[in-house]
K.L.:
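Sharing a structure here in structure tokens format.
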Amino acid sequence: MSVAERLVILLPGFEHMPVEAHHRRFMREAQKTAPVYDIQMAETAPLDVSSAGDAVATGQFSLTSSGENWTTRTDFILYGLGDITMFYASRNPLVRLLSGIVALLDFIVTGTFFRFVATSWRYALFFLYPIVLIAIILALSYGIGSAATAIGPDGPIIPLILSFLSVVALFWFAASKMHFLLIMDDWAFAHDMARRRRPEVLARVEKVVADAAARIGNTPPNTEILVAAHSLGAICALQILDAALSQDASRNYGLLTVGSSLLKVALHPAARALRQKVGTVARSNTIWVDVQALTDPMNFYKSDPVRDLGIANGTSPVPVRVRFRSQLCDEAYKAIRHDFFRVHRQFVFGVERRTHYSWHAILCGPEHFADIAMKGGLPCERSAPLPLKLSEPAAS
């Protein structure tokens, strides 16, 4: 039996992208994925973007998917969390650097970093990445200044100028080629969420939570409700479901977290309110599926949020572990494997081979989310000898 109607609350990760760009990517990658899972798909309601006051932009669109003996309509509510992240990106580069350093130091002093080590040592390496990068830049700049002192004229002026220019050039290179400032913004945001210290950001998050909970509450009883979040979007997802449960705890909800960074914030000792919300969701009848990948250094591989946060009497999410190499042809995988940000985004990108996980096949396909959770993923067998044709998506 397939799902006839579904509402998906869509929460992107920490990316400086507007709603329109997220929608274009979703449609483009859906086009890539649909034939792999024998799905025919059409956008039956185009993207409609709204924004009021200082609230984040919100996009609504609908897709109708069909296959052999089934049709499913999925209504999407896409929240422009990029409006929040752009607050961090719009700041002076020096402020972005310093706020990121403050955040990293706070995670070390509070012992959160050591909780990362105990929970998922690979994520601890990701934490160390910007620290090591800063150390290398400073060491190279010092070396250039020392070399200028040894071979140049007497006096400190020229070595100091060369050292300063080296620092600026190397930080510029790291920002433009190695995602450095994006990472610093990411840590600053996580720090602010843990300590709840930036009212203008918190207010926007709270408006997202309130709006999503209200939409969920107005959904007809026979509609499947699924909150789907990538990376740091999981922080909003847990808050949304906590709010939805406070309105109606008897209804069944689905939670899909992929490449989740929930523990990045929740393991901080100051994040008590977030941990309480995780506990509320874990003790409810919410069905939670958490998708992880070994090759992604930015997710907590082999973690269990309920176990790792010490939540008593909670039900752990169903773990689904995916190998991106198995989903892509060799050429496509080789093209992305050395770009860890692109690997992290693969959770929400299209696939070329059928496996037990696909972002688009889960959100748009016929399977009940409860069945996907019970089976530990999507069915991998083909249901038809030839793929069906996908309708043209929105223009990129």
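Computed from heavy atoms alone, side chains included, the values below leave out hydrogens, waters and symmetry copies.
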K.L.:
So, using side chain to side chain contact (heavy atoms under 4.5 Å, CB included) as the criterion, who are the partners of Ala135 when residues are at least two apart?
P.N.:
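Residues passing side chain to side chain contact (heavy atoms under 4.5 Å, CB included) with Ala135: none at all.
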K.L.:
Partners of Thr286 by side chain to side chain donor-acceptor pair (under 3.5 Å), sequence neighbours excluded?
P.N.:
Ser284
K.L.:
Clusters formed by hydrophobic residues whose side-chain heavy atoms approach within less than 4.5 Å: which one holds Leu125, and what are its other members?
P.N.:
Trp121
K.L.:
In terms of side-chain heavy atoms, does Tyr79 have a donor or acceptor partner in Asp211 at a distance below 3.5 Å?
P.N.:
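Judged by distance alone, the side chains do pair up.
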K.L.:
Residues in ring pair (Phe, Tyr, Trp, His ring centres under 6.0 Å) with Phe347, at least two apart?
P.N.:
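Partners of Phe347 by the ring pair (Phe, Tyr, Trp, His ring centres under 6.0 Å) criterion, ordered by chain and then number, come out as Phe324.
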K.L.:
Under the side chain to side chain contact (heavy atoms under 4.5 Å, CB included) rule, collect the residues that match up with Tyr129, sequence neighbours excluded.
P.N.:
Leu133, Met178, Ile183, Phe340
K.L.:
About how many Å separate OG of Ser120 and CG of Asn299, when rounded to the nearest 0.5 Å?
P.N.:
7.0 Å
K.L.:
Go through the structure and list residues passing ring pair (Phe, Tyr, Trp, His ring centres under 6.0 Å) with His191, not counting sequence neighbours.
P.N.:
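So His191 forms no ring pair (Phe, Tyr, Trp, His ring centres under 6.0 Å) with any residue.
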K.L.:
State whether a side-chain donor-acceptor pair under 3.5 Å links Ser62 with Arg73.
P.N.:
yes
K.L.:
Is Met86 isolated, or which residues cluster with it under the ILVMFWY side-chain rule of less than 4.5 Å, directly or via members?
P.N.:
none
K.L.:
Could I get the full list of side chain to side chain contact (heavy atoms under 4.5 Å, CB included) partners for Ala55, not counting sequence neighbours?
P.N.:
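Ala55 satisfies side chain to side chain contact (heavy atoms under 4.5 Å, CB included) with Lys207 once adjacent residues are dropped.
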K.L.:
Supply the atom-to-atom distance Thr280 OG1 to Gln239 CD, rounded to the nearest 0.5 angstrom.
P.N.:
11.5 Å
K.L.:
Could you work out, with side chain to side chain contact (heavy atoms under 4.5 Å, CB included) as the rule, every residue matching Ile134, not counting sequence neighbours?
P.N.:
Leu97, Ile101, Leu138, Phe171, Phe180, Met184
K.L.:
For a quick check under 3.5 Å, do Ser303 and Asp308 share a side-chain donor-acceptor pair by atom type?
P.N.:
no
K.L.:
Does the plane of the ring in Phe300 sit parallel, tilted or perpendicular to the ring in Tyr123? Use 30° and 60° as the thresholds.
P.N.:
parallel
K.L.:
How would you list all residue pairs meeting salt bridge (charged side-chain N to carboxylate O under 4.0 Å, His left out) that involve residues 123-138, not counting sequence neighbours?
P.N.:
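Passing the test, one end in residues 123-138: no pairs.
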K.L.:
Salt bridge or not between Glu206 and Arg196? Use side-chain N to carboxylate O under 4.0 Å.
P.N.:
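A salt bridge is present here (some side-chain N lies under 4.0 Å from a carboxylate O).
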K.L.:
Check the side chains of His23 and Gln60 for a donor-acceptor pair under 3.5 angstrom, ignoring hydrogens and angles.
P.N.:
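The criterion, which ignores hydrogens and geometry beyond distance, is not satisfied for His23 and Gln60.
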K.L.:
Among residues at least two apart in sequence or on other chains, which ones pass side chain to side chain donor-acceptor pair (under 3.5 Å) with Arg323?
P.N.:
none
K.L.:
Considering only Ile, Leu, Val, Met, Phe, Trp and Tyr, and joining two whenever side-chain heavy atoms are under 4.5 Å apart, list the other residues clustered with Leu294.
P.N.:
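Same cluster as Leu294: Tyr301.
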K.L.:
Flag the pair Tyr37 / His360 as yes when their ring centroid distance falls below 6.0 Å, and as no otherwise.
P.N.:
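Centroid separation for Tyr37 and His360: 6.0 Å or greater.
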